[in-house]
*Asks:* 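Please read through the structure below; I'll follow up with questions.
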Amino acid sequence: MAQAEEDIVMKDVVMDEKKSIAPATLSKSWSVSCAHVPTFTGGKVTHCHTKGLVSTTTTTTTGKYVEFLVLPVAGDVVLVDAHRGTKIRTIRQGMEGVVSESLDDDDDGMDADAISCYALSNDDEMLLTISQNHLIRQYNLAAALTWKESKPAPIWKTWGKSGHALPVTHMEFHISNVFVATGSVDGTVRIWDVRGGYVTHVFRPMQAADNDDNSGMHAVSAICWKQDSTQLVIAIGREDGTIVVHDLRKEDNVIVMRDHVSAVTCMEWSENKDQHIFVSA
C-alpha cells in the first residue's frame, strides 16, 4: 500500500514538472498585426526617387507619402516602407508572401515567372519586371496602396518577350522615363520606347582589339544613362572590361574605352551638364 502511494506522489511530481516546462502558447484570440519576413535575397536595391507612394490610409512620418524601397527576394519583388522597415506588399504574392517554400535551396524546379530583373521609373509611378521566361510586364505603382492585399499586383501592360537570347541582368530608365535599356548576358543592350513597348535600338558588343581568349566575355555588367533629359547618351560596361558610349541620335558617334582589365561593375556621369566627367569602377 505504501509503495502505491509513493508511486502516485511521484506521478504527481512528474506531471507538475511537465506543466512547468511546457511551452507557452499564443491565445487564439490574438491576430498577427505585422511580421518580420524575408525581404531581400540579393540583387539591385532601389530607393524611391521622389516622395514615394501616395497613401490615404497609412500614417507615416512623411505625411500622406510613403517612401519605399524595392528589393528582389526569391523570384519576387517586394516593396518595403523605408521609414518603418515593414513590408508593404510583394508584386507576385501580395501580402501573403514570401512563403518559406520559395526560399528552399533544394527546390530544383524552374519558376518561369520568377522575376530576374526590374526597373523603377524616375517618377516612381512605373515598375517594369522581366521574368525567367523573358516576359516584360509593366505595373502602375501610382495605385499600389489600393491594390488588394491578398492578390498579386495587377499587370498594367504586358510588353511581350525581351528578345534577348540569354537572361536579362540590367534594366535602367532614361531620366525622361520615355526610354528604358535592358542588358543581357548575351552581350546585347536593347533600348525600348516605353510609350509603345517596342525596341528602337540594339547595341551589340564591339569586336575585341586583339583576338584573344577573352573575346567572348561580352556579358553586360553595367548600364548608365547620362542624367540629362536633352541627351540620349548611354554607357554600357561589359565583363571584358570595355565601356562603350552610344548616342542614340548619332549612329557613328561611339566612344570605346578599354582601360579596365576585368568586369565593369559601376559607372556614373557628372551631374553638372557643363562638365564631361565620367567615372567607372
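The shown structure was predicted, so the numbers you read here are calculated from the model rather than taken from an experiment.
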*Asks:* Determine which pairs satisfy ring pair (Phe, Tyr, Trp, His ring centres under 6.0 Å) with at least one residue from residues 161-182, sequence neighbours left out, and list them in order.
*Replies:* His174-Trp225
*Asks:* Which residues satisfy the side chain to side chain contact (heavy atoms under 4.5 Å, CB included) test with Pro152, sequence neighbours excluded?
*Replies:* none
*Asks:* Excluding sequence neighbours, so at least two apart, what forms side chain to side chain contact (heavy atoms under 4.5 Å, CB included) with Val261?
*Replies:* none
*Asks:* Is Lys226 salt-bridged to Asp247, going by a charged N under 4.0 Å from an acidic O?
*Replies:* no
*Asks:* Can you check whether Asp81's main-chain N or O pairs, donor with acceptor, with Thr86's side chain at less than 3.5 Å?
*Replies:* no
*Asks:* Give, for atom OG of Ser280 and atom CD1 of Ile243, the distance between the pair rounded to the nearest 0.5 Å.
*Replies:* 3.5 Å
*Asks:* Within this structure, what is the CD1-CD1 distance for the pair Ile155 and Ile91, rounded to the nearest 0.5 Å?
*Replies:* 10.0 Å
*Asks:* Find out if a path of hydrophobic residues (ILVMFWY) with successive side-chain heavy-atom gaps under 4.5 Å connects Val168 to Ile136.
*Replies:* yes
*Asks:* My understanding is that only residues two or more places apart in sequence, or in another chain, count here; which of them pass salt bridge (charged side-chain N to carboxylate O under 4.0 Å, His left out) with Asp123?
*Replies:* none
*Asks:* Go through the structure and list residues passing salt bridge (charged side-chain N to carboxylate O under 4.0 Å, His left out) with Arg92, not counting sequence neighbours.
*Replies:* Asp111
*Asks:* Using the rule given for side chain to side chain contact (heavy atoms under 4.5 Å, CB included), can you reason through Asp124 versus Leu53, listing the C-alpha separation, both sets of side-chain angles and the distance that settles it, and then say yes or no?
*Replies:* CA-CA 8 Å; Asp124 296 333; Leu53 301 173; 5.8 Å; no
*Asks:* For Ala165, does its backbone N or O pair with a side-chain atom of Asp186 as donor and acceptor, under 3.5 Å?
*Replies:* yes
*Asks:* Using the test ring pair (Phe, Tyr, Trp, His ring centres under 6.0 Å), find all partners of His246 that sit at least two apart in sequence or belong to another chain.
*Replies:* Phe203
*Asks:* By the salt bridge (charged side-chain N to carboxylate O under 4.0 Å, His left out) test, which pairs, at least two apart or in different chains, include something from residues 153-171?
*Replies:* none
*Asks:* Heavy atoms, side chains only, cut-off 4.5 Å: are Asp228 and Ile175 in contact?
*Replies:* no
*Asks:* Mind running side chain to side chain contact (heavy atoms under 4.5 Å, CB included) on Ile130 and Met171 for me, showing each step along the way?
*Replies:* CA-CA 9 Å; Ile130 295 185; Met171 292 182 70; 3.6 Å; yes
*Asks:* In the structure I gave you, are the side-chain heavy atoms of Thr39 and Val73 within less than 4.5 Å of one another anywhere?
*Replies:* no
*Asks:* Specify the closest pair of heavy atoms between Met257 and Phe278, including all atoms of both residues, with the distance to one decimal.
*Replies:* CE-CE2, 3.9 Å
*Asks:* Could you check if a side-chain atom of Leu79 sits within less than 4.5 angstrom of a side-chain atom of Leu141, using non-hydrogen atoms only?
*Replies:* yes
*Asks:* Could you give all pairs that pass the ring pair (Phe, Tyr, Trp, His ring centres under 6.0 Å) test and reach residues 128-159, with sequence neighbours left out?
*Replies:* Trp159-Trp192
*Asks:* Any heavy-atom pair between the side chains of Ile223 and Ile234 that's under 4.5 Å?
*Replies:* yes
*Asks:* Please tell me if the side chains of Ser131 and Arg137 come closer than 4.5 Å, counting only heavy atoms from C-beta onward.
*Replies:* yes
*Asks:* Please confirm whether the backbone N or O of Asp240 pairs with a side-chain atom of Arg258, one donor and one acceptor, at under 3.5 Å?
*Replies:* no
*Asks:* Salt bridge (charged side-chain N to carboxylate O under 4.0 Å, His left out) with Arg195: which residues, sequence neighbours excluded?
*Replies:* Asp193
*Asks:* Roughly how far, to the nearest 0.5 Å, is the CG atom of Leu120 from the CD atom of Glu125?
*Replies:* 10.0 Å
*Asks:* Does one side chain, of Ser121 or Asn177, offer a donor that lies under 3.5 Å from an acceptor on the other?
*Replies:* no
*Asks:* Can you check whether Thr182 reaches Leu128 side chain to side chain, under 4.5 Å on heavy atoms?
*Replies:* no
*Asks:* Roughly how far apart are Phe68 CZ and Thr46 OG1, rounded to 0.5 Å?
*Replies:* 9.0 Å
*Asks:* Give, for atom CZ of Arg204 and atom CZ of Arg190, the distance between the pair rounded to the nearest 0.5 Å.
*Replies:* 7.0 Å
*Asks:* Which residues end up grouped with Val185 if you chain together Ile, Leu, Val, Met, Phe, Trp and Tyr wherever their side-chain heavy atoms are less than 4.5 Å apart?
*Replies:* Leu166
*Asks:* Output all residues satisfying side chain to side chain contact (heavy atoms under 4.5 Å, CB included) with Gln132, sequence neighbours left out; order by chain, then residue number.
*Replies:* Met110, Ala114, Ser116
*Asks:* Measuring only between side-chain heavy atoms, which start at C-beta, is Glu67 closer than 4.5 Å to His83?
*Replies:* yes
*Asks:* For Thr265, which residues count as a side chain to side chain contact (heavy atoms under 4.5 Å, CB included) partner, sequence neighbours excluded?
*Replies:* none
*Asks:* State whether the side chain of Arg238 and the backbone N or O of Gly187 hold a donor-acceptor pair below 3.5 Å, judged by distance alone.
*Replies:* yes
*Asks:* Is a donor on one side and an acceptor on the other found under 3.5 Å between the side chain of Arg89 and the backbone of Leu145?
*Replies:* no
*Asks:* Which heavy atom in Ala222 sits nearest to a heavy atom in Cys266, and how many Å separate them?
*Replies:* CB-N, 4.4 Å
